[in-house]
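First comes the structure, then the notes that go with it.
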Amino acid sequence: MKKKVIFSIIIVVIIAAWILHGLNEDNGYNGNPYLGRYNCVQDNTDLVLYKNNKCTMIIKSYKEAFYTSGKYVIRDNRIEVNFDKKKINYYGASKLKGKFEGDRIKLYNIDDKENLTFMKE
């Protein structure tokens, strides 16, 4: 009888640990589905969205890659990217706004209304 009770307790602990581990995983269902790397269709640029609402724009059109960091806010499938004002920023833009459309982001530069489409890797 004791063996059955101990075995049952061990099974319950293992199942509980497995469930709790699954809830803490950032697998897109429990986490943020927008996170990840997006490639621009028009030019050789990547946008990387991180967990902590920070992002990096990587322009690979030159001999060396050009990195710009910033912060982003997502509300109702819309994104706003604000770049660090103390550093050189993406195409001279202080801010990009856009909208998620499936696995794509359509961004535009608020200064000149240039549209950029990024696809998730």
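Just so it is clear, the values below take in all heavy atoms, side chains as well, and ignore hydrogens, waters and symmetry mates.
Remark: side-chain polar atoms of Tyr38 are not paired, donor with acceptor, to backbone N or O of Asp103 under 3.5 angstrom.
Expressed to the nearest 0.5 Å, how far OH of Tyr108 lies from NZ of Lys97 amounts to 5.5 Å.
Counted by atom type alone, Tyr34 and Asn77 present one or more donor-acceptor pairs between their side chains at under 3.5 Å.
Annotation: side-chain hydrogen bond (donor to acceptor under 3.5 Å, both in side chains) contacts of Asn44 (sequence neighbours excluded): none.
The two residues Lys54 and Tyr72 make their nearest non-hydrogen contact at O-CE2, 3.2 Å. Counting all heavy atoms, side chain and backbone alike, Asn115 lies closest to Gln42 at O-NE2, 3.5 Å. In terms of heavy-atom proximity, Thr45 sits nearest to Phe118 at O-CE2, 3.8 Å.
In this structure, Lys120 places its NZ atom where more than 12 heavy-atom neighbours from other residues, nucleotides or ligands lie under 6.0 Å away.
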(Q) Test side chain to side chain contact (heavy atoms under 4.5 Å, CB included) on Val73 and Asn53; report intermediate values, then the result. (A) CA-CA 7 Å; Val73 177; Asn53 285 0; 5.6 Å; no

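In this structure the side chain of Lys99 never reaches within 4.5 angstrom of the side chain of Ile105, judged on heavy atoms. Between Lys60 and Asp46, the closest side-chain pair of non-hydrogen atoms falls below 4.5 Å. Side-chain contact between Leu47 and Cys55 is present, with heavy atoms from C-beta onward closer than 4.5 Å.
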